[in-house]
Amino acid sequence: MSMGMPSDKPYYTYGDYLQWPEGIRVELIDGKVYNMSPGPNRIHQEIFGTLFNAFFNYLKDKPCKVYAAPFDVRLPKSSETSDEDIKTVVQPDITVICDHSKLDDKGCKGAPDLIVEIVSPTSLKTDVKTKLTLYEKHGVREYWIVYPSDKSVVVYRLQPDGNYVLADAYARDEQMPVGIFDDFTIDLKEIFAD
């Protein structure tokens, strides 16, 4: 750990996270620190901006809200009763939340309805393996993994048994339905424009 962060603890909590200097981009998953890349590249930003805009425009005057990183999503275990004890806080690229009781001034506490992560070379393993398991365990209804280099999106949907199923994969020229809404489709040609 650097930049004023403690390094002598076996795990960290949201209480620790709140004490770290501003500008440090990290996530905590089960108390372990995951450094985030210093800054997304241009392609990531273009995909992010267009996708966020699509959600933002669709959700105008609707009860669900969309948030862009950096936005803290705290995913407490049942034994973590106070904010300071929570050992998992992530900053997804895009987060959609329909249950307003999960929102507070710090961000979101509990599972969002939909999370989008845009993969970078440094985040691939975390996004595809660690976060997939994490979001499934905490009950995120829909999880999208966006692959800029392949111009594709892979969608996982939570089933009634609490497990994710690979719902579909979408390529650049397809219309992609947003599973948590009945009447929202995204044109991937706009998302992956050259």
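For the numbers below, each heavy atom of this structure counts, side chains included, while hydrogens, waters and symmetry mates do not. Please read all numbers here as calculations on a predicted model, not as lab measurements.
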(request) Answer yes if the ring centres of F55 and F52 are under 6.0 angstrom apart, and no otherwise. (result) no
(message) Between E80 and R74 (salt bridge meaning N to carboxylate O under 4.0 Å), is one present in this structure?
(response) no
(message) Please determine whether a side-chain nitrogen of the Lys or Arg among K77 and D30 lies less than 4.0 Å from a carboxylate oxygen of the Asp or Glu.
(response) yes
(request) Would you confirm whether K125, through its side chain, and T130, through its main-chain N or O, come within 3.5 Å as a donor-acceptor pair? (result)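 The answer is no, because no donor-acceptor pair under 3.5 Å joins these two groups.
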(request) May I ask you to decide if the ring planes of Y164 and Y156 are parallel, tilted or perpendicular, using 30° and 60° as cut-offs? (result) tilted
(message) Check this for me: D61, atom CG, are more than 12 non-hydrogen atoms of other residues, nucleotides or ligands nearer than 6.0 Å?
(response)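 Count not over threshold, so no.
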(request) Inspect the surroundings of NZ in K62 and state if more than 12 heavy atoms from other residues, nucleotides or ligands are less than 6.0 Å away. (result) yes
What are the two closest non-hydrogen atoms of [X] and [Y], and how far apart are they?
{"X": "T13", "Y": "L28", "answer": "O-CD1, 3.4 Å"}
{"X": "V140", "Y": "D113", "answer": "CG1-O, 4.1 Å"}
{"X": "F71", "Y": "L103", "answer": "CZ-CD2, 4.1 Å"}
{"X": "L75", "Y": "V90", "answer": "CD1-CG2, 4.4 Å"}

(message) Does K60 qualify as a cation-pi partner of F56, given the criterion of NZ or CZ under 6.0 Å from the six-membered ring centre and within 45 degrees of its axis?
(response) no
(request) State which residues pass ring pair (Phe, Tyr, Trp, His ring centres under 6.0 Å) with Y58; sequence neighbours excluded, sorted by chain then number. (result)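 Testing Y58 for ring pair (Phe, Tyr, Trp, His ring centres under 6.0 Å), a comparison that skips the adjacent residues, returns F181, F184.
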(message) So, using ring pair (Phe, Tyr, Trp, His ring centres under 6.0 Å) as the criterion, who are the partners of F192 when residues are at least two apart?
(response)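 F192 satisfies ring pair (Phe, Tyr, Trp, His ring centres under 6.0 Å) with no other residue.
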